[in-house]
Amino acid sequence: MNELADQPTDQPAEHSSRGPAEPARRRAHEVPDLPQGVAPARVRSFVRRGRRSALTLDRLHRLAPARALPPGRFDPEQAFGRVAPVVLEIGCGHGHAAIAFASARPEWDIVAMDVHSPGLARMLADAEAAQVPNLRVEQGDAVVFLEERVGDRVFDAIHLFFPDPWRKKKHTKRRFVSPTNLDLLARVLKPAGHILVATDQEFYARHVLDEVAAHPRFDGRRVDRPDWRPAVGFEAKGRAAGREIHELRLDLVG
């Protein structure tokens with residue numbers, strides 16, 4: 001990752017794009033429909049939002065360099081200065097889960113990734129306060145990062161907590177869990193690696209399990225909530241709205 005402050009000001013967001021939660025449902029996205037037969041260059045699972053405040057810029061300039069990934073091909077040993085199991089969190093938002101994991105699992109390394117500058121800036125500040133040396137931060141599109149900078153069998157685990165569910169049927173293709181992305185995740189995971197998914201939307205949990213059931217490289221199942229993950233952010237909002245939290249584990253097979 002280049003220094004985060006050097007990124008464009010109009011940044012997309014993996015899952016924090018959903019905005020403030022309403023009592024019963026989230027605000028619908030305004031996504032223009034393309035003419036029949038016309039497709040975008042690549043369907044993204046996030047939308048663009050936001051400009052950066054002076055506080056965000058200050059945090060990025062001061063704190064990002066120490067936690068940035070070296071440019072070029074991702075090499076965990078080079079990035080963290082040691083050989084250890086490594087996990088990628090896609091759509092880390094404000095970083096509560098990533099920081100908690102880094103603190104609870106000091107023997108693991110974690111790369112926390114998102115496209116939303118303010119959220120990453122807040123995570124950098126909180127990570128500095130938590131003093132977690134095993135956390136690195138990458139800003140950008142996770143699919144592009146995995147396609148262009150990550151080799152085969154690199155990650156021991158991948159975390160996908162509260163991704164944008166894209167509830168409208170016409171937006172199903174924008175959901176992160178898709179056959180193409182499962183192919184990509186299967187390539188970058190080590191043998192016996194796994195993906196943890198959490199969502200407060202029952203239909204999205206069913207979507208994930210259906211996609212995995214049709215994929216030859218993963219077995220999916222419901223699991224207990226990881227004890228290290230704090231019940232904040234979208235999880236707290238979902239519980240406050242009376243929604244159940246669905247915890248899924250997708251194990252790499254074959």
Side-chain angles (χ1 to χ4, degrees), residues 1-16 42 44-46 52 56-161 176 181 184-191 193 195-196:
M1 177 186 70
N2 295 327
E3 185 175 345
L4 296 179
D6 291 336
Q7 300 290 337
T9 57
D10 184 15
Q11 290 293 336
E14 282 287 356
H15 69 265
S16 53
R42 187 178 72 74
R44 291 181 171 83
S45 60
F46 53 83
R52 297 177 296 182
T56 291
L57 290 171
D58 175 68
R59 286 171 168 173
L60 294 175
H61 282 297
R62 287 190 299 107
L63 303 175
R67 294 191 184 272
L69 296 182
R73 199 73 163 174
F74 173 60
D75 179 346
E77 185 175 357
Q78 179 189 17
F80 292 95
R82 66 173 182 174
V83 176
V86 60
V87 61
L88 171 67
E89 184 176 340
I90 298 173
C92 61
H94 292 166
H96 300 297
I99 293 171
F101 180 88
S103 180
R105 303 286 190 271
E107 73 279 11
W108 282 64
D109 293 328
I110 179 168
V111 177
M113 186 163 192
D114 207 299
V115 289
H116 189 217
S117 299
L120 292 175
R122 177 174 172 179
M123 177 174 63
L124 286 165
D126 290 346
E128 182 77 3
Q131 297 184 342
V132 283
N134 53 333
L135 171 66
R136 298 292 180 271
V137 177
E138 175 70 17
Q139 182 174 17
D141 185 329
V143 172
V144 174
F145 172 70
L146 293 172
E147 287 178 342
E148 298 182 356
R149 296 178 56 195
V150 178
D152 297 350
R153 303 184 175 190
V154 171
F155 291 106
D156 294 87
I158 292 171
H159 295 169
L160 185 66
F161 297 141
F176 185 86
N181 284 348
L184 178 58
L185 299 182
R187 179 182 68 78
V188 302
L189 277 171
K190 293 180 183 178
I195 305 169
L196 294 183

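Computation of the quantities below employed the complete heavy-atom set of this structure, encompassing side-chain atoms and omitting hydrogens, waters and symmetry-equivalent molecules. None of these values were measured; they are calculated from a predicted model.
Contact detail for L69 and R136: the closest heavy-atom pair is CD2-CB, 3.6 Å. Residues S117 and Q139 share a closest heavy-atom pair of OG-NE2, 2.8 Å. Taking both residues in full, the closest heavy atoms of I90 and L160 are given as O-CD1, 3.8 Å, listed atom of the first, atom of the second, then distance. The two residues N134 and A102 have their closest heavy-atom pair at ND2-O, 3.0 Å. Considering all non-hydrogen atoms of both residues, L135 and A127 come closest at CD2-CB, 3.6 Å. Closest of all the heavy-atom pairs between M123 and A98 is SD-CB, 4.4 Å.
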Where do N181 and L146 land on the side-chain contact (heavy atoms from CB on, under 4.5 Å) test, with the steps shown first?
CA-CA 10 Å; N181 284 348; L146 293 172; over 6 Å; no
Tell me, with the steps shown, if V143 and F176 meet side-chain contact (heavy atoms from CB on, under 4.5 Å).
CA-CA 9 Å; V143 172; F176 185 86; 3.9 Å; yes
What verdict does the side-chain contact (heavy atoms from CB on, under 4.5 Å) test give for H94 and D126, after you've listed the backbone C-alpha separation in whole Å, the side-chain angles of each residue and the deciding distance to 0.1 Å?
CA-CA 9 Å; H94 292 166; D126 290 346; 5.8 Å; no
Verdict with supporting geometry, T56 and H116, side-chain contact (heavy atoms from CB on, under 4.5 Å):
CA-CA 11 Å; T56 291; H116 189 217; over 6 Å; no
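Residues meeting the salt bridge (charged side-chain N to carboxylate O under 4.0 Å, His left out) test with D58, sequence neighbours left out: R62. Remark: E148 pairs with V144 by the side chain to side chain contact (heavy atoms under 4.5 Å, CB included) rule, at least two apart or across chains. Shown here are the side chain to side chain contact (heavy atoms under 4.5 Å, CB included) partners of V154, two or more places apart in sequence or in another chain: F74, P76, V150.
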Solution key, residues 103-113 side-chain donor-acceptor pairs under 3.5 Å, sequence neighbours excluded:
unit_1 : atom_1 : unit_2 : atom_2 : d
D109   : OD1    : R82    : NE     : 3.0
D109   : OD1    : R82    : NH2    : 2.6
D109   : OD2    : R82    : NE     : 3.2

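Residue pairs meeting the side chain to side chain donor-acceptor pair (under 3.5 Å) criterion with at least one partner in residues 150-159, sequence neighbours excluded, are D152-R187, D156-K190.
Note that the CZ atom of R67 and the CG atom of L120 stand 12.5 Å from one another [nearest 0.5 Å]. Summarising the geometry, atom CD1 belonging to I99 is positioned 10.5 Å from atom CD belonging to E128; distances are rounded to the nearest 0.5 Å.
Looking only at side-chain heavy atoms (C-beta outward), V188 and I158 come within less than 4.5 Å of each other.
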